[in-house]
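For reference, the structure is listed below as structure tokens.
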Amino acid sequence: MERTFLAIKPDGVQRGLVGEIIGRFETKGFTLVGLKFMTVSRELAETHYGVHRERPFFPGLVDFITSGPVVAMVWEGDGVIASARKIIGATNPLNSEPGTIRGDFAVNVGRNIIHGSDAPETALEEIALWFKQEELVSWQPQIMPWLRE
Ligand code: IDP
Ligand code: MG
């Protein structure tokens, strides 16, 4: 079953949006399989955002992600990687559609509330980077017959 890595960034936590954000993926019908509340080390932040290392916003991004607690999560479901990106919305919240998380709650690209893996390869890499295998819980929600035929 497909899995993706999502993280509520320090701004989402500070603004009291944890329950609202988790609720959106929960009520959509995806399955939570990993969850932890944590402070991010510089090493983890730099590895996670390594693809952006040469970009001018990289130092500020690492400072921001390490500035307060984050909620790291793994969610499971058919098509969850692409669907979660849609639920999250465009990178710049001013371009994110209303109804998306960034579209509803953010106004600035440097404070866009939530991260989501962008492809199957990055999802695998990010899940392995943020979670140990034993921290992930495989389970079958009893409502599954009401979610998929
Ligand atoms: P994504 O989070 O939608 O996948 P990416 O392009 O992968 O967007 O960028 C990673 C993160 O870097 C963004 O979510 C945002 O927090 C930050 N970021 C991207 N572009 C800028 C920028 O131009 N200024 C400040 N921060 C940026
Ligand atoms: Mg990205």
Side-chain angles (χ1 to χ4, degrees), residues 1-138 147-148:
M1 181 71 87
E2 189 173 313
R3 289 179 171 180
T4 196
F5 172 73
L6 306 180
I8 305 174
K9 299 180 184 182
D11 53 340
V13 174
Q14 294 288 352
R15 291 182 53 202
L17 294 171
V18 170
E20 165 76 34
I21 290 170
I22 291 177
R24 290 193 177 204
F25 297 99
E26 205 175 28
T27 52
K28 169 75 171 169
F30 292 127
T31 304
L32 183 63
V33 295
L35 176 71
K36 54 185 172 184
F37 189 54
M38 59 189 283
T39 312
V40 180
S41 68
R42 290 198 83 79
E43 185 189 6
L44 175 56
E46 287 174 3
T47 305
H48 174 76
Y49 281 124
V51 66
H52 298 302
R53 204 173 288 271
E54 306 304 325
R55 309 283 285 277
F57 60 79
F58 181 75
L61 178 59
V62 171
D63 285 347
F64 167 56
I65 290 298
T66 57
S67 67
V70 307
V71 178
M73 301 176 281
V74 178
W75 286 84
E76 183 177 270
D78 291 329
V80 68
I81 299 169
S83 179
R85 292 282 294 189
K86 284 189 187 165
I87 292 167
I88 289 169
T91 303
N92 184 336
L94 296 179
N95 298 328
S96 309
E97 294 296 328
T100 65
I101 293 168
R102 288 168 174 168
D104 286 351
F105 300 119
V107 290
N108 182 268
V109 69
R111 297 288 184 271
N112 64 4
I113 305 229
I114 178 167
H115 166 84
S117 306
D118 62 7
E121 309 75 55
T122 47
L124 279 176
E125 283 172 20
E126 290 171 1
I127 291 167
L129 177 65
W130 287 76
F131 283 88
K132 298 183 187 126
Q133 188 57 45
E134 63 266 26
E135 291 174 326
L136 300 176
V137 179
S138 293
L147 284 172
R148 47 209 303 263

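Only this structure's heavy atoms are used, side chains among them; waters, hydrogens and symmetry mates stay out. Just so you know, ligand 1 is whichever comes first in the structure, and atom 1 is the first atom listed for that ligand.
- The nearest heavy-atom contact from the protein to atom 2 (O) of ligand 1 is Arg102 NH2, 3.1 Å.
- Within the 4.0 Å heavy-atom shell around ligand 1 one finds Lys9.
- By the 30° and 60° cut-offs, the orientation of the rings of His48 relative to Trp130 is perpendicular.
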Please table the atom pairs, donor to acceptor, closer than 3.5 Å between any side-chain atom in residues 83-93 and protein atoms at least two apart or in another chain.
unit_1	atom_1	unit_2	atom_2	d
Arg85	NH1	Gly116	O	3.0
Asn92	OD1	Leu94	N	2.9

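- Here Thr31 pairs with nothing under the side chain to side chain donor-acceptor pair (under 3.5 Å) rule; sequence neighbours left out.
- Relative ring orientation between His115 and Phe5 is described as tilted, the plane-to-plane angle lying within the 30° to 60° band.
- Closest to atom 19 (C) of ligand 1 among all protein heavy atoms lies Phe57 CZ, 3.5 Å.
- Side-chain contact between Val107 and Arg102 is absent, with no heavy atoms from C-beta onward closer than 4.5 Å.
- In this structure, the side chain of Asp104 does not engage the main chain of Pro98 through any donor-acceptor pair within 3.5 Å.
- Annotation: cation-pi geometry satisfied between Arg111 and Phe64 (NZ/CZ under 6.0 angstrom from ring centroid, within 45° of ring axis).
- Looking only at heavy atoms of the protein, atom 12 (O) of ligand 1 is closest to Leu61 CD2, 3.3 Å.
- The main-chain N or O of Gly23 is found under 3.5 Å from a side-chain atom of Thr27 such that the two form a donor-acceptor pair.
- When only non-hydrogen protein atoms are considered, atom 6 (O) of ligand 1 lies nearest to His52 CE1, 3.7 Å.
- Residue contact annotation: Tyr49 has a non-hydrogen atom under 4.0 Å from ligand 1.
- Under a 4.0 Å criterion applied to the non-hydrogen atoms of Asn112, ligand 1 contributes the atoms 13 (C), 14 (O), 15 (C), 16 (O).
- Comparing heavy-atom distances from atom 15 (C) of ligand 1 across Thr122, Ile65, Val109 singles out Val109 as nearest.
- Residue-level proximity to ligand 1 for Arg85 is carried by the side chain, the only part with a heavy atom below 4.0 angstrom.
- Ligand 1 is never approached by His48 to a heavy-atom distance shorter than 4.0 Å.
- Listed by number with element, the atoms of ligand 1 under 4.0 angstrom from any heavy atom of Thr91 are 1 (P), 3 (O), 8 (O), 13 (C).
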